[in-house]
Amino acid sequence: MPHVLQNVVFPLDRDPDLLPLYADPETWSLVDDKTVRMSSRAHLGNILGRRSARVLSGRRVSLGTYFNAFPASYWQHWTSVRNVRLTVRTTGPATILVYRSSGEGARQRVATREVSGEATTSFDLVLEHYSDGGWIWFDVVADEKNAVLSSAEWTTEQDPVRHGKASLGITTYNKPDYCIETLRALADAPEALELIDRIFIVDQGDQLVQDQPDYAALAERLGETLQIIRQPNLGGSGGFSRSMLETLQRPESDFVQLLDDDVRIEPESLRRSILFGRYATKPVLVGGHMFDLLDRPKLHAWAEVVDEAPFMWRSLYQETLPHDFGASNLRQSPLLHMRMDADYNGWWMCLIPLDAIRKVGLAMPAFIKWDDAEFCLRAREAGYPTVSMPGVALWHVSWVGKDDTIDWQAYFHARNRIVAGLLHSEAPHGGTLIRHSRRVDLKHLMMMQYYPTALRALALRDVLSGPEHMRKTLGTAMPRARAIAKNFPETVVYRDPELVLRSRRGRQVFVKQKQNDGPSGWALRWFTATTLIRHWFHQPDPANVEMPEAEFSKSDAYWWRVPVFDSALVSSADGSGKTIYTRDRANYRRMLRDSVRLHRQLRRQWPDLQRRYRAALPELVSPQSWQQIFEEKA
């Protein structure tokens, strides 16, 4: 019996921005007096249903797209599947062309068939040339009349290695509208629901999913598959650990699929991730990619790694991201044909086999930040790698319009990165992590950002106190960090439309080509030294305290530009208001001394802290420890 690995699908909603991810119609145009084949936006009227589309007479539509090409290299590398069948059902006269690509994006035609009337056409394909990368896809060209692609799927006769279902774990804090949309998409996707055992919504807010107008009808449709769990706000790590713990008690579940709350899902992606997890030769974590919810053709995360020396996360080839599929389709993007191996995947979407949880435990009690990366590193060390899987993705509110390194989350960025380094870095004294952390403090101080500097100092003190603090402060660290904000005027965002803020010298505008004109080498050392000395000895001009000296857009407010002024008016990341930064010599001096002292202490105690945190980890992440936390907080 054939097993469907991947269905050809079209968008759930009629959003023209989504079409480049699903279908790629082509037309011909003149460019520099040459006839060139170009991509164009599909007409929404030609999308006939979830799995069918019309191809106009004389036109060509390629399914060599993000959601409809078959990621052959990942199936060859991570599974034992070697024979795949592509089945295409059409109506009307058409030509079907099948292509494959190499890891460098070079295209080769595999097969061609002419069809007419109602036709079912199959292509037997072998996965044997995709070690370094490559996709397989097909194009449909309509002849003298319109043709219809009725459906298509990729199947195999090979049985999966494992057969269990997945339970979904959605952690939410006051995002009930997003959760309702996720439930609606799942209720409308029976092909995905048949692989799902339970849907756990861990509601940690006071704007409840259950109170939404559409909830009752959706709960009736989903029946016992849906389960709402109420608990205090324990952050992402507390919510996802609750889903892990609940799934461990489900005999029909072999996986838990973690989903963020502020997302829009593609149900076919959920299905694909579970199928891939079933077929993987050895159990793997299957991560999904992240598209921008507010700019939907843009891909923000592909494969993510943790660099060993600074122990810092990043995307592979991050200089090429975000990738806009509306401007450059899959076939025009050679880099996206390479097989990319990841160290971890964000928990906006990540499938985790229960075997891994039983072996390495649940999430670290980190509240937010680094819990996903730390878990994936821990799992990898135990033999469970992470695969960031092409064609598996959702839409998430991106980092554009946010800067969580300067709000209350700065505490968790600093603390959890250092803790993860203590647990997993093999470099002596954490490599360059401590030096990099100290530099972050210096940049904040030069930028007159005293609030995140204070939170980072608090994070270092907590790390130095030992691993016991993580469980003890799980429910209190966030409110404590937010409460400190009242001591720092720069945390106020001015949004009053009646109040027009101005600066003495006006807005500082920079030529676009010089956006990254920061100092380097000896110039960087000289700039840092002179700026630190100037801020230490010189009081700000009272006139610049009374009124901001200069104004910056958020994109121009670099750490090498703002520090030359006594005060600055800076736009918030989301553009909703402005913040005033003012140099405070007393705060600066105290925080600079603290930063130097705390980082020196961290370096001196690193070996002992590393031993203590690693010894404490099994208990911190154990199901029994988390069960006790949930009972205490109930």
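The shown structure was predicted, so the numbers you read here are calculated from the model rather than taken from an experiment.
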Output side-chain donor-acceptor pairs under 3.5 Å for residues 382-395, partner residues at least two apart or in another chain, one line each.
unit_1: Ser388; atom_1: OG; unit_2: Asn345; atom_2: OD1; d: 2.7
unit_1: Trp395; atom_1: NE1; unit_2: Arg296; atom_2: O; d: 3.1

Residues Thr247, Ile357; criterion side-chain contact (heavy atoms from CB on, under 4.5 Å); working and verdict: CA-CA 10 Å; Thr247 306; Ile357 296 174; over 6 Å; no
Side-chain contact, heavy-atom cut-off 4.5 Å: Tyr74 with Met340? yes
Which residue in the set Arg597, Arg435, Arg593, Arg456 passes salt bridge (Lys or Arg N to Asp or Glu O under 4.0 Å) when paired with Asp441? Arg456
When you compare the side chain of Phe200 with that of Val256, does any pair of heavy atoms fall below 4.5 Å? no
Identify, with sequence neighbours excluded, every residue that meets ring-ring contact (aromatic ring centres under 6.0 Å, His included) alongside Tyr451. Phe488
Taking the side chain from Arg358 and the backbone from Leu248, do they hold a donor-acceptor pair closer than 3.5 Å? no
Reference residue His289; test ring pair (Phe, Tyr, Trp, His ring centres under 6.0 Å); the match among Trp302, Phe325, Phe67: Trp302
Less than 6.0 Å separating the ring centroids of Tyr279 and Trp75? yes
Near Arg600 CZ, under 6.0 Å, is it more than 12 heavy atoms from other residues, nucleotides or ligands? no
Using the rule side-chain contact (heavy atoms from CB on, under 4.5 Å), only one of Asp203, Asp177, Thr182 pairs with Val209; which is it? Asp203
Under 3.5 Å, is there a donor-acceptor pair between the side chain of Gln227 and the main chain of Val202? no
Is a side-chain N or O of Arg278 found less than 3.5 angstrom from the main chain of Gly164, in a donor-acceptor match? yes
Looking at Gln249, I want to see if its CD is surrounded by more than 12 non-hydrogen atoms of other residues, nucleotides or ligands under 6.0 Å. yes
Tell me whether the centres of the aromatic rings in Phe311 and Trp370 are closer together than 6.0 Å. yes
Contact check, side chains of Leu293 and His396, non-hydrogen atoms, under 4.5 Å: no
